[in-house]
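Since the structure comes first, as structure tokens, the remarks are kept for the end.
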Protein chains: 2
Amino acid sequence: MPNYQEMDRAYQALGDRTRRAMVERLVQGPASVSELAKDQPMSLPAVMLHLKVLEESGLVKSRKQGRVRTCEVVPQMLSEAERWLSERRQMWELSLDRLGKYLGVEK
Amino acid sequence: MPNYQEMDRAYQALGDRTRRAMVERLVQGPASVSELAKDQPMSLPAVMLHLKVLEESGLVKSRKQGRVRTCEVVPQMLSEAERWLSERRQMWELSLDRLGKYLGVEK
DNA sequence: AAAATACTTAAGTATATGCCTAACTATCAG
DNA sequence: CTGATAGTTAGGCATATACTTAAGTATTTT
């Protein structure tokens, strides 16, 4: 059960193309910070900041071994964000359905 | 097919609890600006700004009749945002699966 | 031990975001 | 017409975001 703040952070994290690109990279498998940075048209410290946002959102985690920090996706938050959208879409469909019945039944 | 900018805007829009609350209200059915504002602890102009963000993201549309602006959810963008997450989650599962096969844990 | 690698931290800047109040416009109701 | 209602616009302010370059700190590698 994600709270408001977690949801805020997860969606806010995904609201940036650089971070979505990082997630896209990480769903293929783990990567180091430099590997992530290679794909992005910005400095490594900037990529680090994006990584921090992703970690604070719970979408990604990382750990450091030696001098290399390895990052990977955390699927749970991905699922939770997905579920929120799915539930709302379903609610909307239900509303449409009720409207249809109302218009049909009540002439 | 959502482009990067649309995705940026949709997820960024959902990255704010006020706007998510507005979406939650609107999936139940259409509402006026004042109705949306009643639920929020802020001024009506502030709610208008959030509405503008939601409209620019494609998640919500509105039209004005007389002096009342009526807002409603646009399910398509909701679905597209949902699909992006779903596809990434599936990619991650595929990666895990490959890893499992590699390790010989699963067949 | 010296140099290269892989981050990490710091300091600064520019723009965007999230709010506010006040003043304005356009309808609708009596 | 007059006032209430619904929304809009404008101006301002405080904080957050998205970068930058420069200067660190650990770890390998040679």
Side-chain angles (χ1 to χ4, degrees), chain A residues 3-26 29-73 81, chain B residues 3-26 29-73 81:
Chain A
N3 61 31
Y4 280 122
Q5 265 193 5
E6 281 174 339
M7 271 317 219
D8 277 359
R9 285 182 183 154
Y11 282 121
Q12 228 169 349
L14 293 171
D16 181 284
R17 79 183 61 183
T18 300
R19 289 191 293 262
R20 276 204 312 284
M22 288 166 74
V23 170
E24 292 225 46
R25 168 64 190 77
L26 291 175
S32 71
V33 175
S34 328
E35 277 167 349
L36 290 175
K38 253 188 308 199
D39 301 336
Q40 300 310 134
M42 67 186 65
S43 69
L44 195 137
V47 170
M48 289 279 298
L49 282 183
H50 284 302
L51 176 62
K52 194 183 165 207
V53 172
L54 283 169
E55 288 207 60
E56 282 170 356
S57 78
L59 288 163
V60 165
K61 69 175 179 180
S62 75
R63 66 190 198 292
K64 198 169 180 178
Q65 306 165 99
R67 61 186 167 173
V68 177
R69 178 172 295 281
T70 303
C71 313
E72 62 183 317
V73 138
Chain B
N3 60 31
Y4 281 122
Q5 266 193 4
E6 281 174 339
M7 266 327 214
D8 277 358
R9 285 182 182 155
Y11 283 121
Q12 227 167 356
L14 293 171
D16 180 283
R17 78 184 61 186
T18 299
R19 289 192 291 263
R20 276 204 313 284
M22 288 168 73
V23 169
E24 292 227 45
R25 167 64 190 78
L26 290 175
S32 71
V33 174
S34 326
E35 277 167 350
L36 290 175
K38 253 187 310 199
D39 301 336
Q40 300 310 134
M42 66 187 65
S43 69
L44 196 136
V47 170
M48 290 277 300
L49 283 182
H50 284 303
L51 177 61
K52 194 183 165 208
V53 172
L54 283 169
E55 288 208 59
E56 283 170 356
S57 78
L59 290 163
V60 166
K61 68 175 179 181
S62 75
R63 65 189 197 292
K64 199 171 179 178
Q65 307 165 94
R67 58 184 170 173
V68 178
R69 177 173 296 280
T70 303
C71 313
E72 61 182 319
V73 138

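Below, read A as the first sequence line, B as the second, and so on, with proteins coming before strands; counting in each chain starts at 1.
Of the N and O atoms on the side chains of B/S62 and B/E72, not one donor lies less than 3.5 Å from an acceptor on the other residue.
For A/E56 and D/dA16, the CD to C1' distance is 13 Å, given to the nearest whole Å. Remark: C1' of D/dT27 and CZ of A/R67 are 6 Å apart, rounded to the nearest angstrom. Atom CE of A/M22 is separated from atom P of D/dA18 by 12 Å (rounded to the nearest Å). Protein atom CD of B/Q65 is 18 Å distant from nucleotide atom P of C/dA26, rounded to whole Å. Whole-Å rounding puts the A/R17 CZ to D/dT17 P distance at 18 Å.
Summarising the geometry, atom NZ belonging to B/K61 is positioned 12.0 Å from atom CG belonging to B/L26; distances are rounded to the nearest 0.5 Å.
When the side-chain nitrogen and oxygen atoms of A/H50 are compared with OP1 and OP2 of D/dT17, none of them lie within a distance under 4.0 Å. At least one side-chain nitrogen or oxygen of A/S32 sits closer than 4.0 Å to the OP1 or OP2 atom of C/dC7.
B/D8 places none of its side-chain heavy atoms less than 4.5 Å from the side chain of A/D16. Contact annotation: the side chain of A/E55 approaches that of A/L51 to within less than 4.5 Å [non-hydrogen atoms, C-beta and beyond]. Put simply, the side chain of A/V23 does not reach to within 4.5 Å of the side chain of A/R19, judged on heavy atoms. A heavy-atom distance below 4.5 Å is not found between the side chains of B/Q12 and A/Y11. Between B/Q5 and B/R9, the closest side-chain pair of non-hydrogen atoms falls below 4.5 Å. The shortest side-chain heavy-atom distance between A/M22 and A/H50 falls under the 4.5 Å cut-off. By the 4.5 Å heavy-atom criterion applied to side chains, B/V68 and B/T70 are counted as neighbours.
Within 4.0 Å (heavy atoms only), A/A46 reaches at least one base atom of the nucleic acid.
Only A/S34, listed by number, bring a heavy atom of residues 34-43 of chain A to less than 4.0 angstrom from any atom of DNA chain C.
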Find every protein N or O atom lying less than 3.5 Å from an N or O atom of nucleotides 8-17 of chain C, and list the pairs.
{"residue": "C/dT8", "atom": "OP1", "partner": "A/K64", "partner atom": "NZ", "Å": "3.3"}
{"residue": "C/dT8", "atom": "OP1", "partner": "A/R69", "partner atom": "NE", "Å": "3.0"}
{"residue": "C/dT8", "atom": "OP1", "partner": "A/R69", "partner atom": "NH2", "Å": "2.8"}
{"residue": "C/dT8", "atom": "OP2", "partner": "A/R69", "partner atom": "NE", "Å": "3.1"}

